[in-house]
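Since the structure is predicted, the reported quantities are computational estimates derived from the model, not experimental observations.
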Amino acid sequence: MLKSKRKELGLSCMLNTEVGAVLAVIRRPIDPTSQFISPQEDYFDSSLQQSLKSLRGFIFNPHQEWRTIDPCIYLSPFLDVVQSDGIPAAATGVTLSAILKILKLGIFDEKTPGAKDAINIVVTGITSCRLEQTDPVSEDAVMMKILQVLTATMRHNASVLLTDQAVCTIVNTCFQVVQQSVTRGDLLQRTARHTMHELIQIIFSRLPDVDVNEGESSESDTDDIDENSGYGIRCAVDIFQFLCSLLNVVEVVDNTEGPICHTADEDVQLFALVLINCAIELSGDEIGKHPKLLRMVQDDLFHHLIHYGTCSTPLVLSMICSTVLNIYHFLRRFIRLQLEAFFSFVLLRIAAPGVSLQLQEVALEAIINFFRQPTFVIEAYVNYDCDPVCRNIFEDVGKLLCKQAFPGNGPTSTLQVQAFEGLIIMIHSISTNIDKEEDSTPSDPYPIEIKEYRPFWVEKPKDDLETWVEYIRVRKAQKRKILIAASHFSRDEKKGLEYLKHCQLVSDPPNPKAFAFFFRYTPGLDKNMIGDYLGDPDELHIQVLKEFTATFEFHGMILDSALRTYLETFRLPGESQKIQRILEAFSERFFDQQSSEIFVTKDSVFILCYSLIMLNTDQHNPQVKKKMTEDEFIRNNRAINGGQDLPREYLSELFHSISNNAITLFGQSGPVEMNPSRWIELMNRAKLMQPYILCDFDRRLGRDMFACVTGPTIAALSAFFEHADEDEMLHECIEGLISLARIAQYGLADTLDELVASFCKFTMLLNPYASAEETLFAFSNDMKPRMATLALFTIANNFGRSLRGGWRNIIDCLLKLKRLRLLPQSVIEFDVTSSSDAPEGSKSESGVIIPNHDSKFSKNTAGVVSRFSHFLTLDSMEESISLGMSEFEQNLKIIRQCQIGSIFGNSFQLPVEALMNLGRSLIFAAAGKGQKFSTPIEEEETVGFCWDLIIAISLANLHRFPVFWPSYNDYLLAVAQFPLFSPVPFAEKGIIGLFKVCLKLLASYQADKTPEELIFKSINLMWKLDKEILDTCCEYITQSVSKILTEYPANLQTQLGWKSVLHLLSITGRHPETYDQAVEALIMLMSDAFHISKINYAYCIDCAFGFVALKNSPLEKNLKILDLMSDSVKLLIQWYTTASDQTNSYSFSSNTSTSSSEDNPKGIESVNFIMSLFIKLGEALRKTSLARREEIRNHAILALRRGFKLAEDLELSSSRCINCFTLVIFAMVDDQHEKMIEYSRRENAERETRSMEGTLKLSMELLTDVYLQYLNQIMENPGFRTFWLGVLRRMDTCMKADLGEYGETKLQEVVPELLRKMITKMRETGILVRKEEDDLWDITYIQIQWIAPSLKEELFPDEI
C-alpha cells in the first residue's frame, strides 16, 4: 500500500473512532443519582446522532483525499454537539478532544478549499460552547479542553485565515476562563493564564510579518480592512487596548469603618503587565511601523504605567519598570517625553528618601538597569540635559545615586550598596566609552561660547555629526545660561532679562517668543513675577503673553482642565486689568483649539472662565458661608454663548469638577502630579517635538556630562571607601575611582586633582598629627592605605598628563614614603627600556636612576586596575605570614606595584602644563615648602631626592627643554623669596644636578641656543643663592666645566655659557685639589685657540688673569698662561682683518652677517669691538704686572710688549693708540710707581721696593718703545700735545721718585736715556721743531729743564 493511501486510511480510522466515541458518550444512560436531567434527549438522538452517523458513512467512501475535502463537512457535526444545550459535560469533553485531534493532525491547511470558513466556525463553535452544569471537576476539565482547542486553533496553519473578530473572540473567551478560574481550582487558573500568554505570543509574533499598509493608511479607527487577508493589526490593536485596560481593573474593598473604596487589583495588573511585556518583546520595533499600535503605547499604556507607578506595590512597580525598559529598547525614538515623565514622576520620586525602603530599592534597580544599556547614559544627556525645555535627567539621576550611596553614621545599608553599584556602573559606562584609543575626537577641553543668537527652543534634527556635537554643546551652554538668568530673574526681573540679552539668548530687538519660552519652561522662576510681567499693558509684554499662551496645547481638554494647566505655570496677579488681559489670551487660545464646537465665540470662553474663577472662590473660600448651588451656577451662565445657552451637562461637569477640586490661583504648591490634563498636554507637545535622538558616545559630550556630577560623585565614592570594610566593596570602589580618573583625564583637571587629594587622604601618609611610627604601622597593617597608595601612583602613571595641582600631593606622599624608608633603591629605579645603542643612565646619590632616553610608553588605561585583584589576595597578615613574607617585604611588594620610577622616566609623554606642575611641586618640595624635617640629615636626603627627580624629568624632556625650563627657572627664583627658605642644602644639591643636565645638553650640538642660556641662567642662580657652594662643590664643578671645555667646547655657543663656565672655572680652580685640572683645561683651550671667539675672548682673559693672580701658584704654568695671553693678539688680528673686509664689502645698513648676535654685525662696530678686546687684554696684563712675584710681573710686561708689537697689524688709529696708553700703559706705570712708593715706606721692605723698581723700569721702557712704535699715528691726534705732556709727567715722576731710607732710585739713570730716545726720534721726524703757531717745542724744552737738565744741551743745542 502506498504511503499516501496509508495516511488517508489512518485519518479515516481516526475520524471514525472519534465519531464512535462521541456517539457512545451521548448514548450513555443518565445517572439516576444526578440532579442534572437533559430535557432534549430525543432531539439528540434524532438530529445530533444522525449527523454523526452521516459523517461515519462518509468517512470510508472510496478514493477519499481529506486535504481536498471542505473541513466543514467533518467539523460541523462535532461543533453542533459542542453548541447544543443539555449535552453532558463528558460528551462535550470527548467532542472537544476530537476537534483538538483534528486540528493537531493537520487534516487540512490554509490551502484546503473552505479552510477559512472552517477555521472560523471552529472559533465560533468553541467560543459559544454550551456547558451543562455538573460537578466542578468536570466543568474544569471541559474548560481546560476549550483552552487547548483555542490554542491549537491559533497554532494551526490555517489560523492566518482567521478574521480579526475571531482572534479577538478567542482572546476574550480565554480571559473569561481566567476570570472564572479565580473561584475554581488552581490548576485551571494556571492553565488559563498560560493559554492567555500563549495566545498573545502567537498573535504578536506575527506582527513583523504583517504588511505595514494593511488596514493602516491612517490612524483612523474606521479603516476598511481586506477581510480575505486574515487577522492582522486591527486585532493586535484591540487586544493591546484590552490589555492596557486591565491595568485599570479595580477591586471593591468594603471598609467597615468607612465608605467603600476602590483599589487597583494587583493580581490583574501583574497578569496584564506580563502579557504586555510579552507583546512588546515579540513585536519589537515593528510596533513603531503601525501608528495605531504605537499611539496606544505612547498614550494609553504610558499614562497607566506612570499613574500606577507612583502608587503601586514593589512587585507591580518592578513589572512596570521592566515594561518601560522593554519599550525603551524597541521604541525609544517615539517616547521621548514619555520617558522623561516616567523618570520625573516615578523613578526619581520613588528612589528619593522618604519612600518605603522596598520601593526605593525597586526604583534604584530600575535606574541601574537603564544605566546598563550601552547608550542610555549619553542619550539621556543629549535628549534631556542638553534640551533647554526638558529636565536634567542624567544630572538628577547621577546626583540621586550619589546622595543615596553616601554612607551615614551607622552600618552600610542595602540601599546604599545598591546606589553605590549604580554609581559604579554609570562611571564605568562613561569611562569605557570616553577612553577609546580609536576615538579621534579632541581630547583637550575647550569652552563653548554662545557667539550668536540662536532660538534655544528650536531643536534641529541630527544630520552632520561634527556640527551636531557642537550644536548640542551650545544648547547645553544655553540651558546653563538660562538657569543663571532664572536665578537673577527671581531676585531682580530686569537683571534676569538683561542677562538673557547679554548671553545672546534673546535677539535684539527682543523676540517675544524667547521670553515666552523662558517663562514657560525654566524651573525655579518666581511665579508672582511671571504673572505680573504677563499682565503688564506694555506692547512687548502683550506679545510675550500671546507667545506664552501659544506654548500650551489644549486639544482634548475641557475648559477647567485647560485653565488649571494654564494657571499652574504662574500666579494670577491681583489687578483686575492684568487678570483680564491674561484670561483674554487664554480664551482665544482655548477657543482656537477646542475639540468640539461647544463655544461659538472666544468671548463665551472668556465669560465662562471668569465664572469658573468666581465659582472656585465661592466653593473653596472658608469666609463664604453660603455656597453656590449647581442650579445657580447654570442660571448665572445663561445665554453667554452667542446668546444661546451652553449644554447643561457641560456646565454641570464643570461645576462638580471645580467643587471637588479647587483651581490653584496662586501658583503651584507642592510636588507636581501627572494628572489627566498634564498628560494631554504632554501628548500634544510630543506631536511637535523632535523624536528621541539615537547617538553613540562622543568624548566631548562625555566630558561635559560627567562634569555635571563630578563633585558629588567623588564625595560619595570617597566617603563610601572610607566607611566600607568588605574587600569586594573596597575593590569596586577603587575601580570606580580609577574609572573616574579615566574620565577626568580628558579636560577635567580640577576633578583629577580633587581625586588625587582624596587618595592622599586615605594613604594616611600626610596625616600631620601622626608620628612616623604610627604612619608606618597604619600602612603596614591596614589595607586601605596601601590600596590608596597603589591607586594614587596608578593615576600618576596613567593619567599624569592631565594632573595639575595634584602633583604636589603625589610628591608629598612620595617624600613621606622616602622618609619612612619605604622606598628602597630597587623600587625607585625607573622602568626604563633603553635601546641597545643608547648609553646607560647615571645613578644619583639617592639611588634614582637618571635615564638617558626612554622608550615609548604604551598607554593602556583600560587595564590599570588589573593589579588590584592580585593585590587583594595578599592583604591579610595571616596569608603574608604563611608565605614567609616579612612586614618590610610586604610593603616592598606594594611599592613595586606602584611603578613610581616610570612616572618620571616616562615624563616625556606629559604635556607641558603637567610637566611644569610636576617640576613646580618638586622644586617647592626641595625648597622645604610643606615639609617638616626632624633632622638635618633627613632634610639633606629629601632635598637631594627631589633634585634627583627634577634632573630625571629634565633629562627625559631635553627635546623640549626651552619650553618648560623657563618656568622651572621662575620657580627657582620664587623659592628664594620664601620666608623661611634656607639655601643649604638646596643650592648645593641643585647646582650638582643642573650641571648633569648641562653636560647632557652640551654633549651634542644644539642649533637652538636657548637651552644653553636657560641652564646657565639657573646654574648662576644656584651659586648666587649660596656662594659657599663654590667651595664645597668645587671638585664637581671644576670637573664639570673642565669636561665642557675639553670635550664639548664646540657646542658651547652663547655668551652666557662661556662667561659662566670660565667664571666658575676661575673660582673653583683656585683650590689646591682642583687647580691642576682647571689650569690644564684653560691652557688647552687657549693653546688650541680654535674655540676662542669674540664671544668668549674677554672671559678667557679674565679667567687667565684669575689663575695668574693666584698666590703660590706654579710659576711655570703662570708664565705659560701669560704667553698664551700675548699670543691671543694673533686672533684679534684675524678678526680685525675679517671685520675690515666686511666693512669694505657691505654698507652700514646691511642686515646680513655671518657672525653671531654678540659680534655686532656691522663692520665698523666689529672693529671697535675688537679694539675693546685688545684693551681688555692689556688691562689684564697691566693688573698682572702688579703681582707680588717679580717673575710674573716682569713676564706680564714682556707679554704686553709682545702684544703691542703684534698689534701693529691691527692698524691702530691715533685715538685708539692714545686710548691704549691711557687705559693700559699709563695706568700700569702709575700703579707700579704707587706700589713702589708704598713699599719704600714699609720697614724691611727694601727687597720688595727694588723688585718693584725693576718692574717699573721695564714698564717705562715699554712705554718708550710703544710710543716710538706708534708715534706716527699718535702725532696725528688733536690731543697729541696733552698726551705728550702725560708722557713727560710720568718721566718726571719716576725721575724724582723718593725711596726714603732705601736710597735713591735707579730710575734716574733710565729716564734720561728714554727721554733722549723719544725726543731724538721726534726731532728726526719733524715733530719737535720750533713753530710760531705751535708751543710743543717750548713746552718740551721747559719740561726737559725740569726733568733732566743734563739733557738740555744735548737735545736743544740751538737754545744754548
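- Checked for salt-bridge contact, Lys1183 and Asp1231 miss the test: no charged N lies under 4.0 Å from a carboxylate O.
- Ser1259 contributes atom OG, which lies 9.0 Å from atom CD1 of Ile1225 (distance to the nearest 0.5 angstrom).
- Between the Ser1126 side chain and the Asp1123 main chain, a donor and an acceptor come within less than 3.5 Å of each other.
- The aromatic rings of Phe1283 and Phe1280 lie tilted to each other, with the angle between the two planes from 30° to 60°.
- Looking at every heavy atom in both residues, Ile1327 comes nearest to Leu1336 through O-CD2, 3.9 Å.
- Taking the centre of each ring, Trp1284 and Tyr1267 come in below the 6.0 Å mark.
- With hydrogens and angles disregarded, no donor-acceptor distance shorter than 3.5 Å links the side chain of Arg1330 to the backbone of Trp1337.
- A cation-pi arrangement is found for Arg1290 relative to Phe1226, the charged atom lying closer than 6.0 Å to the ring centre and inside a 45° cone about the ring normal.
- The pair Glu1248-Lys1235 does not count as a salt bridge, with every side-chain nitrogen at least 4.0 angstrom from each carboxylate oxygen.
- Checked for salt-bridge contact, Arg1242 and Glu1238 meet the test: a charged N lies under 4.0 Å from a carboxylate O.
- Residues Met1275 and Asn1272 approach most closely at CG-O, 3.1 Å, considering heavy atoms.
- In terms of modelled atom types and a separation under 3.5 Å, the side chain of Asp1088 and the main chain of Leu1085 share no donor-acceptor contact.
- Note: Trp1135 and Phe1169 fail the aromatic proximity criterion, with ring centroids not under 6.0 Å apart.
- A salt bridge between Glu1309 and Lys1306 is absent, with no side-chain N of the basic residue lying under 4.0 Å from a carboxylate O of the acidic one.
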